[in-house]
K.L.:
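I am attaching a structure below and will ask some questions about it afterwards.
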Amino acid sequence: MLQINYLRQHTAIVKDGLAKKNFPNLALVDELLSADEAIRKQKITTETQQASLNSASKEIGLLMAKGDKDAAEQKRAEVAGWKDDLAANKLALQKLEEDFTAMLLQLPNLPHSSVPNGKTPEDNEVVREGGTIPELMPAAKPHWELIKDYDLIDFETGAKIAGSGFPLYKGKGAKLQRSLIQYFLDYNTEAGYTEYMPPLMVNETTAYGTGQLPDKEGQMYHITADGFYLIPTAEVPVTNIYANEIVKDDALPVKMTAYTPCFRREAGSFGSDVRGLNRVHQFDKVEIIQLVHPAKSYEVLEEMVNHIERLLQFLELPYRILRLCGGDMSFTSALTYDFEVYSAAQKKWLEVSSVSNFENYQTNRMKIRYKESDGKTQLLHSLNGSSLALPRIVAALLENNQQEEFISLPKVLHSYFGATMLEG
RNA sequence: GGAGAGUUGUCCGAGUGGUUGAAGGAGCACGCCUGGAAAGUGUGUAUAUGGGAAACUGUAUCGAGGGUUCGAAUCCCUCACUCUCCGCCA
């Protein structure tokens, strides 16, 4: 969440930023500022009262120690009357603070200056493209047909076991998943990321920390009996590893990677883009996450973009990198690059990775800090990116590499998969 | 699931109602000592937030949240977590 000090000092910048993100309720900023004012006033009243109560209590203690019972008794009688008033003030303060926090949580992160103006995906800016779009044979098929032909995934049985959108990977289809996960993790750890295997369920506090709560409950599966949420991405448990910590200098930058299944309800999504692997409720993803010094976060963002770009090059997939416009960015992000690969049989671009700098929006919620050389504690910046989400990568690999009798695989996967191609 | 024991600062650890934000030790930082280092020795060393130009100072925090009290790390309640034993189990 945003920091109130920043709102106080840079009100105009905040409003401009919110406008760029198409935030509709700019008046909220002024409401917040006056609520903040009211809190501080109330605090002074309440704490002054508390201070006199505290010092009176101390006096009573001293009188008792001296054995002056009468004086202590007299003081106690005097002080007892203060309590109701103080309690009322405390309650009022608490209410003010709760309302304030609820409002502050409604404000999204501010966009970086390089974020393009715009409202819809059409306004995103193509930063660069790479790879070559293959010329497919006339009889080329979309991946959901190839999946059937080569018996890689059984969607029907997955639906029988759980529901639609829960793929049942099978045989070489399952092995391909495992090979990709293994390759991605190796690629990340070689670049200095530490591998984690986190819990796949998180509690409410953790979901709140990365910004899934409040507000996005509907997108996560909720285990109501125990109060857990199934993770929608490894970002949630892994970023929270450092929640409420002051990270030591020599631990920076923190570079973490994790493979996890991701669970998404995708409530309300419909239409043609849900076919095959394009949109599912459970999918595999390898994530990279960094916690870095604020001065370095944009440099690190570029480094992460390059890291993922190389991965797509190794996979020999045609890709493009987009800088998302203000209206298409996520609530918590300050700058996001999306990676899309071209799925040659569907003839469309599929999002396979999203790399974002959250600056201190997440770390402010989680209180992930470091100590400045002058001894002051400051918030770190958090970043993350998918490297990569599997389903659409698989879709593109299958479609783009299909031949009459087989589907070839990129060289990097040969040793992991134990073969150079998929055969029917 | 049942029974019991715990949770205190960076770490260890004392503390069962009154100057306790918290003894003592370790660690760390700075200084003294030393040719240099070690040892020794002195000082300092939590977080958040309000007020203040600053010096400084108020408030809160001893797993979390409530309660009793003039006053709670200490008493009561609820919850979470850790450990031990039993049960169940991959």
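First the proteins, then the strands, lettered A, B, ... as listed; each starts at 1. Everything numeric here is computed off the predicted structure, so don't read it as measured data.
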K.L.:
Can you tell me how far P in B:G58 sits from the matching atom in B:U68, rounded to whole Å?
P.N.:
27 Å
K.L.:
Could you give the distance separating B:G6 and B:G15 at their P atoms, to the nearest angstrom?
P.N.:
12 Å
K.L.:
Could you tell me whether the side chain of A:Asn109 and the main chain of A:Thr332 form a donor-acceptor pair under 3.5 Å?
P.N.:
yes
K.L.:
Provide the full list of salt bridge (Lys or Arg N to Asp or Glu O under 4.0 Å) pairs with a residue in residues 51-62 of chain A, sequence neighbours left out, each pair given once.
P.N.:
A:Glu59-A:Lys75
K.L.:
Go through RNA chain B in 5' to 3' direction and return only the first and the last nucleotide with some atom under 4.0 Å of chain A's heavy atoms.
P.N.:
B:G18 to B:G71
K.L.:
Do A:Tyr196 and A:Glu287 pair up side chain to side chain, a donor and an acceptor below 3.5 Å, judged on atom types alone?
P.N.:
no
K.L.:
Please give the distance between the P atoms of B:C81 and B:C88 as a whole number of Å.
P.N.:
23 Å
K.L.:
Can you tell whether the side chains of A:Asp284 and A:Arg178 come within less than 4.0 Å, N to carboxylate O?
P.N.:
no
K.L.:
Nearest-nucleotide wise, let me know which of A:Gly61 and A:Lys90 is further upstream toward the 5' end of RNA chain B.
P.N.:
A:Gly61
K.L.:
Minimum heavy-atom separation for A:His143 to A:Leu277, with atom names?
P.N.:
NE2-N, 2.8 Å
K.L.:
In dot-bracket form, how is RNA chain B paired, counting a Watson-Crick or G-U wobble pair only if both its distances are under 3.5 Å and using | for bases paired to another strand?
P.N.:
((((((((.[[[..)..(.....]]]((((((.......))))))((((((....)))))).[[[[[..)....]]]]])))))))....
K.L.:
Please work out if A:Leu53 contacts a base, only the sugar-phosphate, or nothing of the nucleic acid, heavy-atom cut-off 4.0 Å.
P.N.:
sugar-phosphate
K.L.:
Taking side chain to side chain contact (heavy atoms under 4.5 Å, CB included) as the test, write out the residues that go with A:Glu195, two or more places apart.
P.N.:
A:Leu185, A:Thr189, A:Thr257
K.L.:
What nucleic acid atoms does A:Asn203 come within less than 4.0 Å of, heavy atoms only: base, sugar-phosphate, or nothing?
P.N.:
nothing
K.L.:
List the residues meeting ring pair (Phe, Tyr, Trp, His ring centres under 6.0 Å) with A:Tyr221, not counting sequence neighbours, and say none if there are none.
P.N.:
none
K.L.:
Within the 4.0 Å heavy-atom criterion, would you say A:Ile44 contacts the bases, only the backbone, or no part of the nucleic acid?
P.N.:
sugar-phosphate
K.L.:
Under the side chain to side chain donor-acceptor pair (under 3.5 Å) rule, what pairs show up with a residue in residues 408-424 of chain A, not counting sequence neighbours?
P.N.:
A:Asp186-A:Tyr416
K.L.:
If I pick the P atom on B:U61 and the same atom on B:G66, what distance separates them, to the nearest angstrom?
P.N.:
10 Å
K.L.:
Can you tell me how far P in B:A55 sits from the matching atom in B:U45, rounded to whole Å?
P.N.:
15 Å
K.L.:
Regarding A:Ala51, tell me which of base, sugar-phosphate or nothing describes its non-hydrogen contacts under 4.0 Å with the strands shown.
P.N.:
sugar-phosphate
K.L.:
Answer with base, sugar-phosphate or nothing: what part of the nucleic acid does A:Thr377 contact at a heavy-atom distance below 4.0 Å?
P.N.:
sugar-phosphate
K.L.:
Looking only at atom C1', what distance separates B:G35 and B:G42, rounded to whole Å?
P.N.:
23 Å
K.L.:
Check the orientation of A:Phe331 and A:Tyr361. Use parallel for under 30°, tilted for 30 to 60°, and perpendicular for over 60°.
P.N.:
perpendicular
K.L.:
Relative to the 5' end of RNA chain B, which residue comes earlier, A:Asn5 or A:Ser55, by the nucleotide with the nearest heavy atom?
P.N.:
A:Asn5
